[in-house]
Amino acid sequence: MPELPEVETTRRTLAPRIEGANIEAVRLGKPLRWPLGCDAERLVGRTVGALERRGKYLWMPLGDGGLLIHLGMSGSLGFHDGAAPPGGPHDHFDLVTSRGTMRLHDPRRFGAVVWSPSRDEGPAARLLAGLGLEPFDAAFDGAHLHRALRGRRMAIKQALLAGDVVVGAGNIYACEALFDAGIDPRLPAGRLSRPRCERLAASLRATLAGALGMGGTTLRDFRDAHGMSGTFQQQARVYGREGEPCGACGTRVRRVVQGQRSTFFCPRCQRR
DNA sequence: CTGGGCTCCTGTCAGC
DNA sequence: TGCTGACAGGAGCCCA
């Protein structure tokens, strides 16, 4: 689930509670997408540095190395002061620290916690390589989008999800940003004019920023580190609204499938 | 290099 | 009520 707003919300709520904490123990549940990549004992005694986010990944520095964390489709990170309650069947990674316990809850287990000697080498470097620009990076604008999409035949919706041009948008925000920009999600990416790229860049930033301001989207199980739900889902104008009238023109919102993922759009407001 | 499809896993819900 | 299939916020990997 977690797209950029949810991951950033997690980072912001978790950081003040865990940064500077000393790791006292690690508890592993069922296997996640990838193995931890080191002996859990190797984490004990380390101090948690400043949490960083890159795309939908979180990087937790731990001295000479750190953990690259991804929440997959159903993951969330909670933080418990003092002694944490016993882990449930979907709690697969606990970092017990001097300040409390950080717990990864992830029913589907598409998430991951991977040790890497640094952000720029080893597994972290491999996973982060090839990621596109951060949407709030000053270098991300219509010109970049236009240049990066040139020659691409893939539909613009899928190009946004691919993450090699710009990171952060997942299925919800790609749909919402394209609605905001008035662009048909099925349009081949390379066919977008420069002005429409300008519009889309602005819409993507506005959509992600808006969702961030609402603590993200909670469809079923996303929670921030304090256990709070996001509220963006109430603002979604097309995502999950197949058959409902478009708030702008009244036309029924359509759902199509692109790359095995649902795409929601207004056939009248979003043009080719 | 590009793009399409598959896969990992569990839970939920609609429909019969 | 019970079973079955579709679908769910991601993205790495393999193959054409």
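Values reported hereafter were calculated over all heavy atoms of this structure, with side chains retained and with hydrogens, waters and symmetry mates removed. Computed from a predicted structure; not experimentally measured.
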Exercise. Can you tell me how far C1' of B:dG4 sits from CZ of A:R261, to the nearest Å?
Worked result: 14 Å
Exercise. Taking the nucleotide of DNA chain B with the closest heavy atom to each, which residue, A:Q260 or A:M154, is nearer the 5' end?
Worked result: A:M154
Exercise. If we only count heavy atoms from C-beta on, is the A:C249 to A:C266 side-chain gap below 4.5 Å?
Worked result: yes
Problem set entry | Distance test, side-chain N/O of A:H70 to OP1/OP2 of C:dA11, below 4.0 Å | yes
For this session: Remember a base hit wins even if backbone is also touched, and classify A:G170 as base, sugar-phosphate or nothing at under 4.0 Å, heavy atoms.
Result: sugar-phosphate
Exercise. Under 4.0 Å: is that the gap between some side-chain N or O of A:Y239 and OP1 or OP2 of C:dA8?
Worked result: no
Exercise. Of the candidate nucleotides B:dT10, C:dG12, C:dG10, which contains the atom at the shortest distance from the side chain of A:N171?
Worked result: C:dG10
Problem set entry | Phosphate contact (B:dC9 OP1 or OP2) by A:H90 side-chain N/O below 4.0 Å | no
For this session: Kindly confirm whether the side-chain ring of A:F110 is stacked on the base of B:dC8, judged by centres under 5.5 Å and planes under 30°.
Result: yes
Exercise. Taking CE from A:M73 and C1' from C:dA6, how many angstroms apart are they, rounded to a whole number?
Worked result: 13 Å
Seminar exercise, completed: Assert: residue with more 5' nearest nucleotide on DNA chain C, out of A:F264 and A:G259, is A:F264
Exercise. Is there a side-chain polar atom (N or O) of A:K30 under 4.0 Å from OP1 or OP2 of B:dC9?
Worked result: no
For this session: Give the nucleotide from the list C:dG12, C:dG10, C:dA8 with an atom nearest to the side chain of A:R255.
Result: C:dA8
Problem set entry | A:R108 side-chain N/O to B:dG11 phosphate OP1/OP2 under 4.0 Å | no
Exercise. Can you tell me if the side-chain N/O atoms of A:S74 get under 4.0 Å from OP1 or OP2 in B:dC9?
Worked result: no
Exercise. Roughly how many Å is it from CG in A:L4 to P in C:dG10, rounded to a whole number?
Worked result: 11 Å
For this session: Decide, yes or no, whether a salt bridge links A:R12 with A:D224 under the criterion of side-chain N to carboxylate O below 4.0 Å.
Result: no
Seminar exercise, completed: Exactly one of A:R53, A:K56, A:R54 clears salt bridge (charged side-chain N to carboxylate O under 4.0 Å, His left out) with A:E8, and that residue is A:R53
Problem set entry | Between A:H90 and A:R108: side-chain donor-acceptor atoms closer than 3.5 Å | no
Problem set entry | A:Q158 CD to B:dG3 C1', straight-line distance once rounded to whole Å | 9 Å
Exercise. Between A:K157 (NZ) and C:dG10 (C1'), how many Å, whole number?
Worked result: 12 Å
Problem set entry | No-hydrogen, no-angle side-chain donor-acceptor test under 3.5 Å, A:T9 and A:E6 | no
For this session: Give the dot-bracket string for DNA chain C, reading 5' to 3', where a pair is Watson-Crick or G-U wobble with both distances under 3.5 Å, ( ) marks pairs inside the strand, [ ] marks pairs crossing earlier ones, | marks a partner on another strand, and . marks unpaired.
Result: .|||||||.|||||||
For this session: Answer yes if the side chains of A:Q258 and A:T263 hold a donor-acceptor pair under 3.5 Å, and no otherwise.
Result: yes
Problem set entry | A:K157 with A:D184: basic N within carboxylate O range, under 4.0 Å | no
Exercise. So, A:D106 versus A:S74: side-chain donor-acceptor pair below 3.5 Å or not?
Worked result: yes
Exercise. In whole angstrom, what separates A:I172's CD1 from C:dG10's C1'?
Worked result: 12 Å
For this session: Return no unless some side-chain N or O of A:R153 is found under 4.0 Å from OP1 or OP2 of B:dG4.
Result: no
Exercise. Starting at CG of A:L149 and ending at P of B:dC1, how long is that distance when rounded to a whole Å?
Worked result: 18 Å
Exercise. So what does A:R126 hit on the nucleic acid, given a heavy-atom distance under 4.0 Å: a base, only sugar-phosphate, or nothing?
Worked result: nothing
Exercise. Taking CZ from A:R33 and P from C:dG10, how many angstroms apart are they, rounded to a whole number?
Worked result: 12 Å
For this session: Provide the distance between the two P atoms, one in B:dC9 and one in C:dC3, to the nearest whole Å.
Result: 23 Å
